[in-house]
Amino acid sequence: MLPGPLFSLSDLGDHRHFLVGFSGGLDSTVLLHQLVALRAENPALSVRAVHVHHGLSAHADAWLAHCRQLCQLWDVEFIACHVAVSPNGKGVEAAAREVRYQAIEAVLAPDEALLTAQHLDDQSETFLLALKRGSGPAGLSAMPREMQFSGRALLRPLLSLSRTELEHYARAAKLHWIDDDSNTDTRYDRNFLRLTILPELKQRWPHFTQAVARSAQLCAEQEQLLDELLAEELEALVQPDSSLQIAPLNTMSEVRRAAILRRWLACLGAKMPSREQLKRLWYEVAVSREDAMPCLHIAPWEVRRFQGALYLVKPVRIPRNACIPWEYPLTPLQLPAGSGQVFCREVPGNGLAVRPATEDEKVSIRFTASGLLHIVGRDKGRELKKIWQELGVAPWKRRTVPLLFYNEQLIAAAGYFITQQGEPGPDQWYFCWQPE
């Protein structure tokens, strides 16, 4: 006799198409089995499973084969993603999690909700790890039952259930699962908590994990309340280009200002900064001396200041003296460092109208120009730096604007200006730039 359901269709909201993160371990095996059972009762449901092969264990190939076989048995579409884990100072756990979610994001369909198998004990571990880091209420909120993931829903329907409950279900249903040998390695913080600390706490206080879940929920509610109370104020401070005005922040208490800054960063997709990072953001960037060009790294972003506002930008590293030959200007040219592409067209449309290159002129794209430049509409020559200042272009953007050259002559700066040497006659090209 099969065990009773662990969750119902109503627990999944209005979603009917699901992608299950399937490692083959106990938790995700129970989750996938539950979805398959729900699908049997509700044929409109669609269920797919994605397995990420990290290559960190000698058993990784066997685990993938096990997951594939189980999905075939349960008639579930199976997707295998092979990834390479490079810690780069983050630690193996964090690096593996990052590439895992990147792989899942790449295969998640627009109409699917992602389901993951975190449970009550995982919630306690996450809470204690946040406590160890000195996190505030946002970090101590731990994992929500539902959240946004790449513009779609991420659901955790097992979050209120303990691992013991999942194991009882799995044994009653006669399920087979993988035991990852790395789960016994207490060098990893999460394993240390799971194997050493939480058993002691639960022996002393049997309802410890439930109490932690309540505390996490209360922290989440406090954060939600702050979001609602500060939403209107934040909206008034954010400019159309998503920058944040600095002057009104000067009149706020440090606590209120920090709350606004956190929410501004979160709205733009940045990771939650530490208290020390927030202090540095304010004193080293927002209110540093006026002639400075301050910058604070909150990987992979940079926080910068320009014309009385804070900007969150992704740095683009293009060699200063880069010169990219463009043999066929009427064919799109991909630019380096994710800075988009440029193209010229002969029919009117978006872009700057410039004269076509002659047969003896070699066309190239560069990102800097020297000497005095004479641009259309200006009498005197100016250096490029002065032109950027007059046009109000932020310093970090200047280094990424494609400059169109014929031989050694600057013709145009994409989206901004044309030089007198590039002024069009009867024949015209339209020079366009599509940033990424």
Side-chain angles (χ1 to χ4, degrees), residues 87-98 100-101 116 118-149 154 156 159-160 186-198 200-202 205 207-231 234 244 249 252-285 296-303 310 312:
N88 290 331
K90 301 175 184 176
V92 174
E93 283 181 293
R97 182 171 56 251
E98 184 173 308
R100 179 165 62 251
Y101 277 105
T116 56
Q118 290 92 351
H119 50 72
L120 192 61
D121 298 72
D122 293 325
Q123 184 75 302
S124 294
E125 294 162 14
T126 302
F127 184 93
L128 291 174
L129 287 170
L131 197 64
K132 184 263 295 184
R133 292 192 296 268
S135 299
L140 295 175
S141 299
M143 296 179 290
R145 191 178 180 89
E146 179 173 355
M147 62 180 287
Q148 284 290 301
F149 174 76
L154 189 162
R156 299 182 175 100
L159 203 55
S160 62
T186 54
R187 289 177 300 174
Y188 299 122
D189 289 345
R190 192 173 283 275
N191 290 347
F192 172 71
L193 289 172
R194 180 183 304 134
L195 300 172
T196 307
I197 303 301
L198 277 171
E200 291 287 330
L201 293 172
K202 288 194 282 187
W205 301 296
H207 300 292
F208 179 79
T209 52
Q210 288 87 346
V212 167
R214 285 197 301 274
S215 292
Q217 180 61 32
L218 288 170
C219 288
E221 290 174 3
Q222 291 297 311
E223 281 298 293
Q224 184 179 345
L225 177 60
L226 273 177
D227 286 343
E228 293 174 6
L229 292 174
L230 295 174
L234 176 61
L244 187 71
L249 298 174
M252 296 180 186
S253 68
E254 186 175 351
V255 173
R256 191 181 193 91
R257 183 171 64 231
I260 290 285
L261 289 170
R262 283 195 185 96
R263 279 153 182 80
W264 171 65
L265 291 169
C267 286
L268 296 177
K271 292 181 180 178
M272 191 61 64
S274 66
R275 173 179 286 189
E276 181 60 28
Q277 283 178 314
L278 277 181
K279 284 186 176 179
R280 291 184 59 200
L281 189 161
W282 182 249
Y283 291 106
E284 296 179 17
V285 180
L296 176 69
H297 294 272
I298 303 180
W301 304 88
E302 292 177 347
V303 182
L310 293 171
L312 185 70

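Note that the structure is a prediction, hence the values are computed from the model and not measured.
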Inset, instruction - Determine yes or no for a side-chain-to-main-chain donor-acceptor pair under 3.5 angstrom, with Gln123 supplying the side chain and Thr209 the backbone. - result: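 No: the side chain of Gln123 does not pair with the backbone of Thr209.
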Inset, instruction - Could you tell me whether a side-chain N or O of Arg156 sits under 3.5 Å from a main-chain N or O of His119, the two making a donor and an acceptor? - result: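 Checked: no pair found.
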Legend entry - Candidate pair Val212 and Leu120, rule side-chain contact (heavy atoms from CB on, under 4.5 Å), full reasoning: CA-CA 9 Å; Val212 167; Leu120 192 61; over 6 Å; no
Can you see which heavy atom on [X] is nearest to which on [Y], and at what distance?
| X | Y | answer |
| --- | --- | --- |
| Thr186 | Phe192 | O-CB, 3.6 Å |
| Gln118 | Thr116 | OE1-OG1, 2.6 Å |
| Pro273 | Leu265 | CG-CD1, 3.6 Å |
| Glu98 | Lys271 | OE1-NZ, 4.3 Å |
| Leu140 | Phe127 | O-CD1, 3.2 Å |

How many angstroms lie between atom [atom1] of [X] and atom [atom2] of [Y], to the nearest 0.5 angstrom?
| X | Y | atom1 | atom2 | value |
| --- | --- | --- | --- | --- |
| Leu128 | Ile197 | CG | CD1 | 8.5 Å |
| Arg214 | Cys219 | CZ | SG | 13.0 Å |
| Leu226 | Gln224 | CG | CD | 10.5 Å |
| Met147 | Ser141 | CE | OG | 11.5 Å |

Legend entry - Intermediate values then yes/no, side chain to side chain donor-acceptor pair (under 3.5 Å), Ser274 and Glu276: CA-CA 5 Å; Ser274 66; Glu276 181 60 28; over 6 Å; no
Inset, instruction - Any salt bridge (charged side-chain N to carboxylate O under 4.0 Å, His left out) involving residues 256-265? Give me the pairs, sequence neighbours left out, ordered by first then second residue. - result: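 As it turns out, the salt bridge (charged side-chain N to carboxylate O under 4.0 Å, His left out) pairs with a partner in residues 256-265, which skip direct neighbours, are Glu223-Arg263, Asp227-Arg263, Glu233-Arg256.
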Inset, instruction - Report the C-alpha separation of Leu193 and Arg190 in whole Å, then their side-chain angles, then the decisive distance to 0.1 Å, and conclude whether the side-chain contact (heavy atoms from CB on, under 4.5 Å) test is met. - result: CA-CA 5 Å; Leu193 289 172; Arg190 192 173 283 275; 5.8 Å; no
Inset, instruction - Any chance you could lay out the side-chain contact (heavy atoms from CB on, under 4.5 Å) test for Leu312 and Ile298, step after step, and finish with the verdict? - result: CA-CA 9 Å; Leu312 185 70; Ile298 303 180; 5.6 Å; no
Legend entry - Residues in side-chain contact (heavy atoms from CB on, under 4.5 Å) contact with Arg133, at least two apart in sequence or another chain: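 Partners of Arg133 under the side-chain contact (heavy atoms from CB on, under 4.5 Å) test: Leu129, Ala130, Ser135.
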Inset, instruction - Not counting sequence neighbours, which residues clear salt bridge (Lys or Arg N to Asp or Glu O under 4.0 Å) with Asp121? List them please. - result: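 Only Lys202 meet the salt bridge (Lys or Arg N to Asp or Glu O under 4.0 Å) criterion with Asp121.
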Legend entry - Stepwise side-chain contact (heavy atoms from CB on, under 4.5 Å) check, Cys267 with Leu234: CA-CA 10 Å; Cys267 286; Leu234 176 61; 4.1 Å; yes
